[in-house]
Amino acid sequence: MRIALTLSFLLALPAYAQTATEAVAPEGATGLATEATAPVTSDTWMVAAANPLAVEAGADVLRAGGSAADAMIAVQAVLGLVEPQSSGLGGGAFLVWYDAASGEITTLDGRETAPMAATPTLFQDETGAPLGFFDAVVGGLSVGTPGTPMLLEEAHRRWGTANWSGLFDAAITLADEGFPTSLRLAKLVTEDAERLATSDATAAYFLPNGQPLQKGETLRNPAYADTLRAMAADGAAAFYSGEIAEGIVAAVRDAALPGLLSLDDLSAYQVKERDAVCAPYRGAEVCGMGPPSSGGLTVGQILGMLEPYDIAAMGPDSAEAWRLIGDASRLAFADRGRYMADSDFVPVPTAGLLNPAYLAERATLLQGDDSLPEVSAGTPPWDHAMLLADDRSIELPSTSQISIVDAAGNALSMTTTIENGFGSRVMAPGGFLLNNELTDFSFATQDDGVPIANRVEPGKRPRSSMAPTIVLRDGAPILVVGSPGGSRIIGYVAKTIVAYMDWGMDVQAAVAMPHLVNRFGTYDVEAGTSAEDLTEPLTALGYEVNARDLNSGLHAIALDENGLSGGADPRREGIAIGE
C-alpha cells in the first residue's frame, strides 16, 4: 500500500496543506520535542526530498523497479525546475551511497571548481581589501564549474538500473506544460527581487512584466526542457560541450560582474570518488563526505566529543545537554576553520581530526559547569606538518537534501546546491541558474603571512559544510540524513542524529525538533519555538543567545526491524513517500 506523508507544521500551527504549493517556513511553534506528524512507514522503499512534485517523480522510478540512483536523478531534475533557488544543473553536490550487495560506503564529489584563470585575489578590490559578500555573489565572478550533471551521470553509470533517458521525463513534462509556483518560491522571489533584476534573463523568468511571481502562477521553462532532452539523449557531454556549454560561458562573461569560466573549464571537469569519513558514535558508524566538504569531519568531531557524556539521560530540554553540544560544536568549528579545505590542494589531517585520543582530549575541555570562554583550534595528529591561519569565509544557506532507500536495500544521501538562494542570479540560456559557489572560498588569502587553507586557487573546490550522512550499525544503515542551511547544516545534522540515537525520537520528531546551533560562541535558537525557553538558562551558563529563523530542510529515513520510516522537515515544503 502506498503511504504519502502529509505534514503538519509544528504544534499549534495550521495543518500543512496537502498540495505541492502551500508550504512555507512556519513563523512559530511550541514543544521542544515537537509533536509533529508521525513518520511515514514502508516495507520496501522510500524517498524524501524538498518538493512533492520531485518526490513523486522519484517514487515513480522506484515503483517501476529503479534504483536509488535512478530515483535521485528524477528528483534532482524536477528540483532544478520547481525549487530553482536551491539546486540545479548549474550547481554541485555531494553523494553518499550505501551498497546493499557489498556493504560498502562510496562518496562522490560533484563540487564546483574554480576556473583555471582564477587567482587567490579573485574577491579582492584593487587595494587588496575583500569585497562585500553580495558584491561578489551577484554576477559571473562567483560562478564555478558546475558538477551536478556529471554527478548524475556517474551515479547512474555505477548504480543505475533504469534507462537513463526516461529519468528526465517527469521534469520535461513539467517544464513544458508548467507547474504552479509554490508559496515558498513566490515568497523568496519577492524578497530577492532587486538582485534577480540585475540580469535580464533572470528577471524575465522570475519577474515577468517587472512583477515577482505569485503563488499559484503557472510557470513554464521550455529552455530547461530542451536542456534535459539534450542530456537524456547524449548524457552529461551535452552539458559540458556544445551549445549548452557555450551559453553558460557567455552568460558568465556577459554578466554585470563578468566571470572567468571558460569552455576549457567545463570540458575538464571531473567527478571524484573520495574516501568516506566515518566516525564512531554509540556503537554505530556515522559516515559522510570528507574534504572538500567539512561536513563529515565536523559532525564526526562533535559526536566524538559528546561520546563520553550521557546526553541521553539529560534529555532534549536540558541546558546542560545543549552546553555540551554547543561547545563541542564550537571546538569542532575552530578545527574546521584552521584545517579543512580541498585536500587536493591543502594537506588536511583527516585521520588526526577524528583520532579517538585527540577527541577524548578535546572532550575534557567540556567538563566545566559553564560555557567555554573562548575556543581555538587544537593540534590533531598529523602525518605531515603545515602552518595554517584561521579561515573567515561566509557560507549562507540555500541547498537541498535528497534521501532515498530502494527495494534492494541501497541507500543514498545527497546534498545538492547552487550555494546562496538563487545562486549568482545569472540564468544560463538553457533555463537554469548558475551557482555562486566560489564565494565559499575565503576572500582573504593569508593572515599575517600565514596562508588560509580555503583560499581561492585555480581548479580548486571551495570548502563546503554539506553533510550528507548515512549512519551504520553492524554494517547496515539505520539512518539516512542531510540538510541545507549553510554552515549551520553541521549543527542540524548533528542535532538530528543525537535526537534519534540518544533521545529516542522517531525520525519525524528528530527532524522537526526546534534547532539550537552554536558555531562561533553565540547560541542561535529557533525563534517562535520552545527552544527559546532555554534562553535564560543558556545565558546563565555564559552564552549570548540569539533567537532567529533557522530554516533547515532536513530529510531523513530511518531503518530498523520494522522497516523504513521517513521524516520531512516541516520548515519547508518537502514530503516523504514510501511503499
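Just so it is clear, the structure is predicted and the values come from calculations on it, not from any experiment.
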Inset, instruction - Report yes or no: do Ser465 and Ser487 form a side-chain donor-acceptor pair below 3.5 Å? - result: no

Legend entry - Neighbour count >12 (heavy atoms, 6.0 Å) for atom CG, Asp369: no

Inset, instruction - Could you list the residues that satisfy ring-ring contact (aromatic ring centres under 6.0 Å, His included) with Phe94, not counting sequence neighbours? - result: none

Legend entry - Euclidean distance, Arg111 CZ relative to Arg461 CZ, rounded to 0.5 Å: 10.0 Å

Legend entry - All ring-ring contact (aromatic ring centres under 6.0 Å, His included) counterparts of Tyr523, not counting sequence neighbours: Tyr543

Inset, instruction - Using the side chain to side chain contact (heavy atoms under 4.5 Å, CB included) rule, pick out the option among Val498, Thr415, Val481 that qualifies with Val493. - result: Val481

Inset, instruction - Check the pair Asp502 / Tyr309 against side-chain hydrogen bond (donor to acceptor under 3.5 Å, both in side chains), numbers first and verdict last. - result: CA-CA 11 Å; Asp502 287 292; Tyr309 298 95; over 6 Å; no

Legend entry - Residue Asp474 excluded, over 12 heavy atoms near CG under 6.0 Å: no

Inset, instruction - Working to the nearest 0.5 Å, report the span between CZ of Arg519 and OG1 of Thr298. - result: 12.0 Å

Inset, instruction - For the residue pair Leu472 and Pro477, establish whether any side-chain heavy-atom pair is separated by less than 4.5 Å. - result: yes

Legend entry - Nearest atoms (heavy-atom pairs only) where Pro514 meets Thr529: CB-OG1, 3.2 Å

Inset, instruction - Could you pull out all residues at least two apart from Ser329 that satisfy side chain to side chain donor-acceptor pair (under 3.5 Å)? - result: none

Legend entry - Thr106 side chain to Glu273 side chain, donor-acceptor N/O pair below 3.5 angstrom: no

Inset, instruction - Check each of Phe133, Phe443, Phe134 against Phe123 using the ring-ring contact (aromatic ring centres under 6.0 Å, His included) test, and report the only one that passes. - result: Phe443

Inset, instruction - Can you sort out the partners of Phe422 under ring-ring contact (aromatic ring centres under 6.0 Å, His included), two or more places apart, ordered by chain and number? - result: Phe206

Legend entry - Chi angles and distances behind the side-chain hydrogen bond (donor to acceptor under 3.5 Å, both in side chains) call for Ser400, Glu83: CA-CA 9 Å; Ser400 203; Glu83 197 195 36; 2.9 Å; yes

Inset, instruction - Please examine the side chains of Arg463 and Val348, heavy atoms only from C-beta on, and report whether any two atoms are closer than 4.5 Å. - result: no

Inset, instruction - Salt-bridge test for Arg195 and Asp192: reply yes if a basic N is under 4.0 Å from a carboxylate O, no otherwise. - result: yes

Inset, instruction - Specify the closest pair of heavy atoms between Gln401 and Ser413, including all atoms of both residues, with the distance to one decimal. - result: NE2-OG, 2.9 Å

Legend entry - Interatomic distance, Leu479 atom CG to Ile470 atom CD1 [nearest 0.5 angstrom]: 9.5 Å

Inset, instruction - Can you sort out the partners of Asp125 under side chain to side chain donor-acceptor pair (under 3.5 Å), two or more places apart, ordered by chain and number? - result: Thr127

Legend entry - Step-by-step salt bridge (charged side-chain N to carboxylate O under 4.0 Å, His left out) determination, Arg338 to Asp335: CA-CA 5 Å; Arg338 177 72 59 85; Asp335 280 354; over 6 Å; no

Inset, instruction - Only counting residues at least two apart or in another chain, list the ones meeting side chain to side chain donor-acceptor pair (under 3.5 Å) with Ser142. - result: none

Inset, instruction - Specify the closest pair of heavy atoms between Leu359 and Leu353, including all atoms of both residues, with the distance to one decimal. - result: CD2-O, 3.5 Å

Legend entry - Nearest heavy-atom neighbours spanning Val507 and Ile557: CG2-N, 4.3 Å

Legend entry - Over all atoms of both residues, closest heavy-atom pair of Arg184 and Asn551: NH1-ND2, 3.1 Å

Inset, instruction - Would you mind reporting whether Asp327 and Ser371 have side-chain heavy atoms less than 4.5 Å apart? - result: yes

Legend entry - Side chains of Arg425 and Asn420, donor plus acceptor under 3.5 Å: yes

Inset, instruction - Measure across Pro120 and Thr445 and return the closest heavy-atom pair with its distance rounded to 0.1 Å. - result: O-CG2, 3.0 Å

Inset, instruction - Ignoring hydrogens and angles, state whether a donor on the side chain of Thr148 or Gln76 is under 3.5 Å from an acceptor on the partner side chain. - result: no

